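In this text the structure is predicted, and so the values were computed from the model without any measurement. Here is the naming used below: chain letters follow the sequence lines, and residue numbers restart at 1 for every chain. These values consider heavy atoms only, across backbone and side chains, with no hydrogens, waters or symmetry-generated copies.
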Number of protein chains: 2
Amino acid sequence: MAQMERRPDIAVRLKAAGLRPTRQRTQLAGLLFTGHDRHVTAESLAEESARAGIKVSLATVYNTLHQFEAAGFLRQVVVDAARSYFDTNTGDHQHFFVEDEGLLIDIPGEQIRVSGVPEAPAGLAVDRVDVVVRVKRP
Amino acid sequence: MAQMERRPDIAVRLKAAGLRPTRQRTQLAGLLFTGHDRHVTAESLAEESARAGIKVSLATVYNTLHQFEAAGFLRQVVVDAARSYFDTNTGDHQHFFVEDEGLLIDIPGEQIRVSGVPEAPAGLAVDRVDVVVRVKRP
DNA sequence: TCATAGATTAGAATTATTCTAAACTAGTTG
DNA sequence: CAACTAGTTTAGAATAATTCTAATCTATGA
Ligand SMILES: [Mn+2]
Ligand SMILES: [Mn+2]
Ligand SMILES: [Zn+2]
Ligand SMILES: [Zn+2]
């Protein structure tokens, strides 16, 4: 869902995914998909919504994040045992993770290469290859 | 902590790490470091301990896993938002993660290569590069 | 054997997330 | 437009992994 810039467009895309363009979903999509790619947690998106004057419960933020993920608008990134991140960039790319700040930074997919991945164990197929470059203050 | 096979050896290594070789720590180390490398969760290790007749609380399992990690005997692997895995293989290697089963399988470090990792953002240094190959039933 | 710093533990607390079930609303139908 | 209803939102309860508390134990050196 690269450019979900315009509101009417948002409604169309939500419908196409079988999701009613409710006020909450439309406004959350507005935060998430207007402008550049972003990485959010349920908590961070809820806080941002509150600051933006969007009235939405935390339960709905969770529901919406999962629905957007199922629709392919978001993808989950597992880097921290404590909380889940959602990424508006669903294309092929990887991440720096700044552990102390809980901050994710994109690494373009073309830039990084993983080779020598062995064949998947019998009966299994590779779903995706995730690379996390953990960085710290030296 | 590649070979912690003998009990006397375990005590020595625990002491070297500033940890008293208590019954619980010694027995948990016996489970973890005897034989091949393994991947455990707090829950799985607690269950295994119970089956083995080791009397230890879940709180102590958590404490011990974290102390062993701090001592460099274990390392944490973040692959699942729901729970934390600990790996007795602290050397350079990567993982297959079988999502449906919650199973981790080692990929030797020499086998897999990551190239094109961009320079870390200003003020930060690369701590480690984690690769997770997520596999599924096709 | 004592003293004591360190360790264990039951149970309470915390935290992220999910669930429940009641109130609401978008979209359809008449 | 009014009525209907399936889908949605939400407060609050529930869950589950993990951590904390503070009371009881134990490894160890004197
Ligand atoms: Mn989920
Ligand atoms: Mn949790
Ligand atoms: Zn990203
Ligand atoms: Zn491993």
Side-chain angles (χ1 to χ4, degrees), chain A residues 7-8 10-31 39-50 53-71 73-74 76-86 102 104, chain B residues 7-8 10-31 39-50 53-71 73-74 76-86 102 104:
Chain A
R7 289 309 158 75
I10 288 180
V12 169
R13 286 164 186 270
L14 288 176
K15 279 181 194 157
L19 298 170
R20 286 188 185 171
T22 60
R23 176 176 55 75
Q24 290 86 339
R25 290 209 272 240
T26 304
Q27 295 187 132
L28 289 175
L31 288 183
H39 306 98
V40 302
T41 63
E43 202 64 45
S44 80
L45 183 58
E47 284 166 14
E48 182 179 345
S49 299
I54 296 176
K55 192 171 165 296
V56 59
S57 71
L58 185 56
T60 295
V61 171
Y62 273 105
N63 289 341
T64 302
L65 286 172
H66 287 135
Q67 290 154 355
F68 284 5
E69 181 190 20
F73 301 160
L74 290 177
Q76 222 175 335
V77 182
V78 180
V79 286
D80 186 336
R83 59 179 147 211
S84 286
Y85 287 81
F86 290 84
L104 281 170
Chain B
R7 288 308 159 76
I10 288 180
V12 169
R13 286 164 184 271
L14 288 175
K15 278 181 194 157
L19 298 170
R20 286 187 184 172
T22 61
R23 176 176 55 75
Q24 290 86 340
R25 290 208 273 238
T26 304
Q27 295 187 132
L28 288 174
L31 288 182
H39 305 99
V40 302
T41 63
E43 203 65 44
S44 80
L45 183 58
E47 284 166 14
E48 182 179 346
S49 299
I54 296 175
K55 192 171 165 298
V56 58
S57 70
L58 186 55
T60 295
V61 171
Y62 274 103
N63 289 341
T64 302
L65 286 172
H66 287 136
Q67 290 154 356
F68 284 5
E69 182 191 19
F73 300 160
L74 290 176
Q76 219 174 337
V77 182
V78 180
V79 284
D80 186 336
R83 55 171 138 236
S84 286
Y85 288 81
F86 290 85
L104 279 170

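Considering only heavy atoms from C-beta on, A:Arg25 comes within 4.5 Å of A:Arg20 through its side chain. The shortest side-chain heavy-atom distance between B:Leu14 and B:Thr26 falls under the 4.5 Å cut-off. Using a 4.5 Å heavy-atom threshold, the side chains of A:Phe68 and A:Asn63 count as separate.
At whole-Å resolution of the value, CD in B:Glu43 and P in D:dT18 are 8 Å apart. Taking atom CZ of A:Arg25 as the reference point, atom P of C:dT25 lies 14 Å away to the nearest angstrom. We find that CG of A:Leu28 is positioned 12 Å from C1' of D:dT9, with the value rounded to whole Å. The CD-P distance, from A:Gln76 to C:dT17, rounds to 8 Å in whole Å. The NZ atom of A:Lys55 sits 9 Å away from the C1' atom of D:dT9 (whole-angstrom rounding). Note: CD (A:Gln27) to C1' (D:dT8) measures 14 Å, nearest angstrom. Put simply, CZ on A:Phe68 is 11 Å from P on D:dT8, counting in whole angstrom units. Across the protein-nucleic acid pair, A:Ile54 atom CD1 and D:dT8 atom P stand 18 Å apart, rounded to whole Å.
Residues passing the salt bridge (charged side-chain N to carboxylate O under 4.0 Å, His left out) test with A:Glu48, sequence neighbours excluded: A:Arg38.
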Is there any protein nitrogen or oxygen under 3.5 Å from a nitrogen or oxygen in nucleotides 19-30 of chain D, and what are the pairs?
from   : atom 1 : to      : atom 2 : distance (Å)
D:dA27 : N3     : B:Arg20 : NH1    : 3.4

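Taking both residues in full, the closest heavy atoms of B:Ile10 and B:Ala29 are given as CG2-CB, 3.8 Å, listed atom of the first, atom of the second, then distance. Among all heavy-atom pairs drawn from B:Leu65 and B:Ala42, the shortest one is CD1-CA, 3.7 Å.
Counting only heavy atoms from C-beta on, A:Ser57 has its side chain closest to D:dA11 among D:dT18, C:dA16, D:dA11.
Nucleotides of DNA chain D nearest to B:Thr41 and A:Thr60 differ in position, and the one nearer the 5' end is that of A:Thr60.
Contact annotation for A:Ser84: backbone-only contact, meaning every heavy-atom pair under 4.0 Å involves sugar-phosphate atoms and none involves a base.
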Between B:Leu45 and B:Thr41, is the side-chain contact (heavy atoms from CB on, under 4.5 Å) condition met? List the steps. CA-CA 6 Å; B:Leu45 183 58; B:Thr41 63; over 6 Å; no
